[in-house]
Amino acid sequence: QVQLVESGGGSVQAGASLRLSCAASGGSFSSYSMGWFRQAPGKEREFVAYIAWSIDSTFYAGSVKGRFTISRDNAKNTVYLQMTSLKLEDTAVYYCAAGTRTSVVPISQPSFYDYWGQGTQVTVSS
């Protein structure tokens, strides 16, 4: 069983930066693809970023590309999401997820991932 715990959320003003962390336990973290999603009240879960087990393979949603950076430290079993130039529309609960199996489902789809964290709230105000 894989457990994921997010941290680092909070309330910031537009233009600020914030770094989210996701600590994993159980399983073999270094072999998992990892993703970040976000969800605002009344809206569907939205893909944010992806990083493969190869570390250098990353992919971002167009809405965050150039502002957010996903990274991982396999020695610490942790994936990060560095967020800069935050906007009001970035306000959401942010979730990390682990993909442990080979799948033909696109990496931007929630069903690609097998395990999810509990989420951490990010609130951006003007």
Side-chain angles (χ1 to χ4, degrees):
Q1 182 178 210
V2 177
Q3 292 181 302
L4 306 173
V5 180
E6 302 97 331
S7 62
S11 297
V12 299
Q13 297 209 14
S17 298
L18 204 59
R19 189 173 82 156
L20 306 182
S21 299
C22 175
S25 61
S28 181
F29 177 79
S30 62
S31 67
Y32 300 159
S33 297
M34 300 294 296
W36 284 97
F37 287 74
R38 64 189 183 186
Q39 188 167 25
K43 300 181 67 176
E44 294 185 359
R45 193 164 298 184
E46 175 190 21
F47 170 78
V48 175
Y50 161 92
I51 186 166
W53 66 267
S54 61
I55 300 180
D56 291 334
S57 297
T58 59
F59 184 74
Y60 299 90
S63 58
V64 306
K65 187 174 178 61
R67 299 189 297 120
F68 291 10
T69 301
I70 187 171
S71 62
R72 65 192 297 165
D73 186 338
N74 288 343
K76 296 181 178 180
N77 286 1
T78 301
V79 63
Y80 305 94
L81 185 68
Q82 179 67 51
M83 306 183 293
T84 63
S85 301
L86 283 164
K87 304 175 180 179
L88 295 180
E89 52 263 43
D90 294 320
T91 296
V93 176
Y94 283 70
Y95 300 89
C96 69
T100 65
R101 310 181 189 93
T102 301
S103 177
V104 297
V105 177
I107 58 175
S108 60
Q109 296 298 313
S111 59
F112 178 88
Y113 304 89
D114 307 301
Y115 299 95
W116 295 82
Q118 83 290 344
T120 185
Q121 177 71 48
V122 173
T123 302
V124 184
S125 61
S126 62

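In this chain, residues are counted from 1 in sequence order. The structure presented is a predicted model; accordingly, all values stated were derived computationally and were not measured.
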Self-check item: Exercise: identify the closest heavy-atom pair between Asn74 and Phe29
Solution: OD1-CE2, 3.2 Å
Quiz item: Considering all heavy atoms of both residues, which atom of Ile70 and which atom of Tyr60 are nearest to each other, and what is their separation?
Solution: N-OH, 2.9 Å
Quiz item: To the nearest 0.5 Å, what is the distance between CZ (Arg72) and SG (Cys96)?
Solution: 11.0 Å
Quiz prompt | side chain to side chain donor-acceptor pair (under 3.5 Å) pairs, two or more places apart, involving residues 1-17 | solution = Glu6-Gln118
Quiz item: Shortest non-hydrogen contact from Ser30 to Trp53?
Solution: O-CB, 3.3 Å
Quiz item: Taking only residues two or more places apart in sequence or in another chain, which ones pass side chain to side chain contact (heavy atoms under 4.5 Å, CB included) with Ala23?
Solution: Thr78
Practice problem: Could you list the residues that satisfy side-chain hydrogen bond (donor to acceptor under 3.5 Å, both in side chains) with Ser33, not counting sequence neighbours? | Solution: Tyr50
Quiz item: Got a sec, which residues hit side chain to side chain contact (heavy atoms under 4.5 Å, CB included) with Val93, two or more places apart in sequence or on another chain?
Solution: Tyr95, Gln121
Quiz prompt | side-chain hydrogen bond (donor to acceptor under 3.5 Å, both in side chains) partners of Thr100, counting only residues at least two apart | solution = Asp114
Quiz item: Looking at Thr91 and Val124, what are the two nearest heavy atoms and their distance?
Solution: OG1-N, 2.9 Å
Exercise. Determine, step by step, whether Phe68 and Leu86 satisfy the side-chain contact (heavy atoms from CB on, under 4.5 Å) criterion, reporting the C-alpha distance in whole Å, the side-chain angles of both residues, the deciding distance to 0.1 Å, and the verdict.
Key: CA-CA 9 Å; Phe68 291 10; Leu86 283 164; 3.9 Å; yes
Quiz prompt | Taking every non-hydrogen atom, the tightest pair across Val122 and Met83 | solution = CG2-CE, 3.9 Å
Exercise. Over 60° means perpendicular and under 30° means parallel, so classify the ring planes of Phe37 and Phe47, tilted if in between.
Key: perpendicular
Practice problem: With sequence neighbours excluded, tell me which residues meet side chain to side chain contact (heavy atoms under 4.5 Å, CB included) with Val2. | Solution: Leu4, Tyr32, Tyr115
Quiz item: Hey, what do you get for OG (Ser28) to CG (Asn77), rounding to the nearest 0.5 Å?
Solution: 8.5 Å
Quiz prompt | Residue pairs passing the salt bridge (Lys or Arg N to Asp or Glu O under 4.0 Å) test where at least one lies in residues 44-53, sequence neighbours excluded | solution = Arg38-Glu46
Quiz item: Who passes side chain to side chain contact (heavy atoms under 4.5 Å, CB included) against Thr102, sequence neighbours left out?
Solution: none
Would you tabulate the side-chain donor-acceptor contacts of residues 103-113 under 3.5 Å, counting partners in other chains and residues two or more places apart, or write 'none'?
| from | atom 1 | to | atom 2 | distance (Å) |
| --- | --- | --- | --- | --- |
| Ser103 | OG | Val105 | N | 3.1 |
| Tyr113 | OH | Ile107 | O | 2.7 |

Quiz item: With sequence neighbours left out, what residues match Arg67 under salt bridge (charged side-chain N to carboxylate O under 4.0 Å, His left out)?
Solution: Asp90
Quiz item: With clusters built from Ile, Leu, Val, Met, Phe, Trp and Tyr whose side-chain heavy atoms come within less than 4.5 Å, directly or transitively, what are the remaining members of the cluster of Tyr80, listed by chain and number?
Solution: none
Quiz item: Hey, what do you get for OG (Ser125) to CG (Leu88), rounding to the nearest 0.5 Å?
Solution: 7.5 Å
Quiz item: Quick one: CH2 on Trp36 to CG on Leu20, what's the gap to the nearest 0.5 Å?
Solution: 4.5 Å
Exercise. Write out all pairs satisfying salt bridge (Lys or Arg N to Asp or Glu O under 4.0 Å) with one or both partners inside residues 116-126, taking only residues at least two apart or from two chains.
Key: none
